[in-house]
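These notes concern the structure reproduced below.
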Amino acid sequence: MPELPEVETVRRGLQQVLCGRGIIEVDVRSARTIRRQAEGSTGLVAGVLGATVAGVHRRGKYLWWALDGTPSRVLTAHLGMSGHFRHGDPADAWTPHERIRFTLDKGSRLSFVDQRTFGWVLAEDAESGVPDSVSHVALDPFDAAFDRRSVARALGSRRTEVKRALLDQTMVSGIGNIYADEALWRARIHPRRATLGLAVSTGVRLLSSAEEVMREAIVAGGTSFDPLYVNVNGESGWFARDLAAYGRAGEPCRRCGRRIARERFMGRSSYLCPRCQRLA
DNA sequence: CGTTCATCCTGAGAGC
DNA sequence: TGCTCTCAGGATGAAC
């Protein structure tokens, strides 16, 4: 569910709530949520109990808390399709999809809530400055080292379709189904257009569109269709009202008035304007 | 090597 | 009402 703008919204909330806080208790109620952790809850507890959070970082859709100011020890999290963090009171009753509780010093609580359990958390090392579980993930467009031209060149040498490449987190990270469709609509590119031989200028235009739409979405606090996506205070973002393509099947294109089409693609949906986004 | 697809989950809503 | 089917913001491993 959450893509880069939603994860960034969560990161900002966590930064406010967690910075300088000590972790004094960890309670795991879902083995699946810590499926990537060696030794399960024992490993998680050993990794984070007693630590203080120094900062919260993000690459693409992956988040990590730096612990004790040392970059080598972190708690990494991926929200999957339905995960979120909620800040609250330790005395509150557990909610149905609450998977893990971190009790913090100074009387607060942070919960990982995840209906579909595709999300996970993992205490691990980050010797390189990036957690081991994130090392295979490409830079996202907001990283200072992100280079649009080199990614555009890489796009042009792949044998696939443009939307598949945008969703491949080892090319450029942070883009999911919503923002891929929005970026393609802005750049007037058909999702199934071949990547092979794509002009660098076209790739740059597409990546610029992706960065632009995600930047605007961050300002709006992300896209929320339902209560599954909320920030750490339980609030929704309002970018859904600014979407031009995603979820707008049958509604007029905001540029040309033609009805937005919905197509099956990669086992999910693509929304596009058949007039603005030509395949040829 | 690069590319594609089924699969992991839970719940909401549509249609019968 | 209750059943079945489809759909949902993602990533991964296994197969080609």
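These figures come from a predicted structure and were not determined experimentally. Order of the sequence lines sets the chain letters (A, B, ...), proteins ahead of strands, with each chain counted from 1.
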Take atom [atom1] in [X]; do more than 12 heavy atoms of anything else shown fall under 6.0 Å from it?
X	atom1	value
A:E251	CD	yes
A:R255	CZ	yes
A:R35	CZ	yes

Within this structure, what is the [atom1]-to-[atom2] distance between [X] and [N], rounded to whole angstrom?
X	N	atom1	atom2	value
A:N177	C:dC7	CG	C1'	12 Å
A:I178	C:dG10	CD1	C1'	12 Å
A:Q115	B:dA12	CD	C1'	9 Å
A:F265	C:dC7	CZ	C1'	18 Å
A:Y246	C:dC7	OH	P	12 Å
A:R116	B:dC9	CZ	C1'	6 Å
A:L228	C:dA8	CG	C1'	9 Å

Indicate every side-chain donor-acceptor pair of residues 19-27 of chain A with a distance under 3.5 Å to a residue at least two apart or in another chain.
residue	atom	partner	partner atom	Å
A:R21	NE	A:D105	OD1	2.6

Nearest to side-chain heavy atoms of A:R32, which nucleotide of B:dC8, C:dG10, C:dA8: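 Of all the options, the side chain of A:R32 is nearest to B:dC8.
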
Mind checking salt bridge (charged side-chain N to carboxylate O under 4.0 Å, His left out) for A:R148 and listing every partner two or more places apart, or none if nothing turns up? A:E211

For A:R59 and A:V137, indicate whether the former's side chain and the latter's backbone hold a donor-acceptor pair under 3.5 Å.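 Yes; judged by distance alone, with no hydrogens or angles, the pair exists.
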
Summarise how protein sits on nucleotides 1-7 of chain B as a single string, 5' to 3': B when a protein heavy atom is under 4.0 Å from the base, S for sugar-phosphate-only contact, - for no contact. --SSS--

B/S/- contact track for nucleotides 11-16 of chain C, protein heavy atom under 4.0 Å: SS----

Annotated structure of DNA chain C as dot-bracket, pair cut-off 3.5 Å, Watson-Crick or G-U only, | for inter-strand, is .|||||||.|||||||

Integer angstrom distance from the P of B:dC9 to that of C:dC3: 23 Å

Below the 4.0 Å mark, does B:dG11 have OP1 or OP2 next to a side-chain nitrogen or oxygen of A:H97? yes

Ignoring backbone atoms, establish whether A:S269 has a side-chain N or O less than 4.0 Å from OP1 or OP2 of C:dA8. yes

When you look at A:T170 and A:H136, which way does the side-chain hydrogen bond (donor to acceptor under 3.5 Å, both in side chains) test go after all the steps? CA-CA 7 Å; A:T170 67; A:H136 67 295; over 6 Å; no

Do A:F112 and A:W120 make the cut of ring centroids closer than 6.0 angstrom?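 Centroid distance A:F112-A:W120: not below 6.0 Å, so no.
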
Check each of A:R99, A:E98, A:R86 against A:S111 using the side-chain hydrogen bond (donor to acceptor under 3.5 Å, both in side chains) test, and report the only one that passes. A:E98

Gap separating the CZ atom of A:R164 from the CE atom of A:M266, nearest 0.5 angstrom: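 It comes to 5.0 Å.
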
Given the rule in the ring-ring contact (aromatic ring centres under 6.0 Å, His included) test, do A:Y179 and A:W185 qualify, once you have shown the distances and angles that lead to the verdict? CA-CA 10 Å; A:Y179 298 103; A:W185 181 86; over 10 Å; no

Name the nucleic acid region contacted by A:F225, choosing base, sugar-phosphate or nothing; use a 4.0 angstrom heavy-atom cut-off, strictly under. base

Sugar-phosphate only, base, or nothing, as touched by A:R262 at under 4.0 Å among non-hydrogen atoms: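 Sugar-phosphate: the residue A:R262, judged by heavy atoms under 4.0 Å, touches backbone atoms but no base.
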
Identify all side-chain donor-acceptor contacts of residues 36-48 of chain A below 3.5 Å with residues at least two apart in sequence or on another chain.
residue	atom	partner	partner atom	Å
A:Q37	OE1	A:A123	N	2.8
A:Q37	NE2	A:A123	O	3.1

